[in-house]
Amino acid sequence: MTVPLLDLSQQHQSLLPELREAFEAMIVSGRFILGPHVEGFERKLADYCHARHAIGMSSGTDAILAALMALNIGPGDEVVTTPFTFFATAGCIARTGARPVFIDIEPTTFNLDPTLLAGALNARTKAIIPIHLFGQTADMGTIMRIARRAGVPVIEDAAQAIGARDGNDVAGAIGDMGCLSFYPSKNLSALGDAGACVTNNPEYNERLRIMRTHGEVSRYHHSYIGGNFRIDAIQASILSIKLPHLEKWTLARRANAKRYHELLEQDLPLVLPVEMPGRYHVYNQYTVRVPGGRRDELRRHLAAHGIGHEVYYPVPLHLQKCFEHLGHQVGDFPQSERAAQEVLSLPIFPELQRSQQDEVIRVIREFYR
Ligand SMILES: Cc1ncc(COP(=O)(O)O)c(C=O)c1O
């Protein structure tokens with residue numbers, strides 16, 4: 001039996017008549033850019049995220065870039081984030097001309113370590129981007145307290161964490177702006193690239209909408225330099241069909257995580273993901289640590305037995321070639337570097353069958369036997 005890391009075919013099969021209908025309606029309507037499908041999706045998404053506003057974007061990456069542009073961030077500015085994340089978080093900071101300032105992660109959650117935050121802020125700091133990696137929020141209570149005291153806005157990278165909660169607060173709507181991704185591997189996935197920003201602040205809502213269409217304040221009048229960051233209407237209409245199912249899919253991910261926990265916890269040396277007290281993890285990834293320098297050996301064993309897996313992420317961003325100019329070296333962020341060597345993500349998608357999960361567990365057990 002082979003087990004994929006992710007299989008969207010069952011999800012799409014069950015929604016096929018609705019998806020087909022949406023495509024046909026879109027083709028006939030000819031309204032491909034913004035319009036009622038985008039507005040409808042934005043309203044539903046804002047409700048889902050407990051935010052006042054949602055702004056559909058062309059990708060999670062463009063959502064982050066637009067949020068930074070809405071804060072007028074550029075050369076000479078600094079933005080604080082972690083080096084253990086997908087490239088886009090720091091890539092967008094650098095694309096504005098600002099400097100990504102890295103701080104290390106907490107080893108348990110893989111998220112920004114708030115005890116290091118105050119020490120990284122200075123007069124040049126124009127934003128903080130915590131990432132809710134793998135589907136669990138960073139410690140937003142502490143991060144927001146420090147940020148508010150310093151007067152620095154917070155952009156949440158909630159690309160992997162739609163619906164995650166820290167207490168009663170929903171990912172994306174806790175900071176000043178939140179960025180979501182609907183890339184196919186995400187919990188709510190488009191049929192291609194798509195993303196969104198959410199915010200409770202009416203001024204940021206307006207600025208994000210302006211940035212999304214080339215900084216245009218009225219037709220062909222540009223007060224700012226923005227970009228084309230618009231979500232496609234077809235993706236918005238697909239996402240509107242999928243959104244009502246998201247809660248059910250999240251519960252299935254959580255049930256799969258619980259079952260891994262029960263069946264892997266006792267006698268194996270793996271370090272399993274921890275849901276912190278008061279937080280609601282949405283398990284975009286089920287990421288374990290493989291200690292003892294054996295991660296790549298286990299990877300090869302899984303591959304040989306047809307078990308899908310991935311390493312998110314093998315190289316922390318401070319050690320990427322494109323960020324050489326930042327002057328970092330091995331040893332600067334030990335928790336991020338260690339995570340990059342130990343992490344391994346296992347299949348957790350909602351439609352994962354019990355027999356498939358049993359096979360993942362069997363193959364892992366065989367490795368340690
Ligand atoms: C943490 C994180 N940030 C940003 C992104 C960028 O999103 P997208 O791929 O939609 O551009 C992703 C997803 O790929 C992500 O996982």
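Indexing begins at 1, ligand by ligand and atom by atom, following the structure's order.
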- Query: Going by an N to O cut-off under 4.0 Å, is there a salt bridge joining Glu297 and Arg294?
  - Reply: yes
- Query: Quick one: are the ring centres of Tyr204 and His53 less than 6.0 Å apart?
  - Reply: no
- Query: Are any of the N or O atoms of Tyr183 closer than 3.5 Å to those of ligand 1?
  - Reply: no
- Among Gly91, Ala90, Ser181, closest by any non-hydrogen atom to atom 10 (O) of ligand 1: Ser181
- Do Arg365 and Asp358 sit within salt-bridge range, that is, some charged N less than 4.0 Å from a carboxylate O? no
- Which bit of Thr61 is near ligand 1, meaning a heavy atom under 4.0 Å away: side chain, backbone, both or neither? both
- Message: Is there a polar contact, in the sense of an N or O pair closer than 3.5 Å, between Asp193 and ligand 1?
- Response: no
- Message: Heavy-atom pairs closer than 4.0 Å: do any link ligand 1 to the side chain of Phe84, the backbone, both, or neither?
- Response: neither
- Atoms in ligand 1 with a heavy atom of Ala159 nearer than 4.0 Å: 2 (C), 3 (N), 4 (C), 5 (C), 12 (C), 15 (C)
- Taking it one step at a time, do Arg148 and Asp176 satisfy salt bridge (charged side-chain N to carboxylate O under 4.0 Å, His left out)? CA-CA 10 Å; Arg148 289 288 181 254; Asp176 296 276; 3.2 Å; yes
- Would you call Arg369 and Glu366 a salt bridge, using N to O less than 4.0 angstrom? no
- Item | Heavy-atom check, side chain of Arg212 versus side chain of Ile55, under 4.5 Å | yes
- Item | Heavy-atom nearest option to atom 14 (O) of ligand 1, drawn from Lys186, His132, Gln160, Met57 | Lys186
- For atom 1 (C) of ligand 1, find the nearest protein heavy atom and state the residue, atom name and distance (0.1 Å precision). Asp157 OD2, 3.5 Å
- Geometric class of the His305/His301 ring pair [parallel <30°, tilted 30-60°, perpendicular >60°]: tilted
- Would you say Gly60 has any N or O atom under 3.5 Å from an N or O of ligand 1, going by distance alone? yes
- Which protein heavy atom lies closest to atom 12 (C) of ligand 1, and at what distance to 0.1 Å? Phe86 CD2, 3.5 Å
- Query: Relative to the heavy atoms of Tyr313, which atoms of ligand 1 are at a distance of less than 4.0 Å?
  - Reply: 16 (O)
- Item | Numbered atoms of ligand 1 (with element) below 4.0 Å of Thr85, judged on heavy atoms | 1 (C)
- Should the pair Phe87 and Phe323 be assigned to parallel (<30°), tilted (30 to 60°) or perpendicular (>60°) ring geometry? parallel
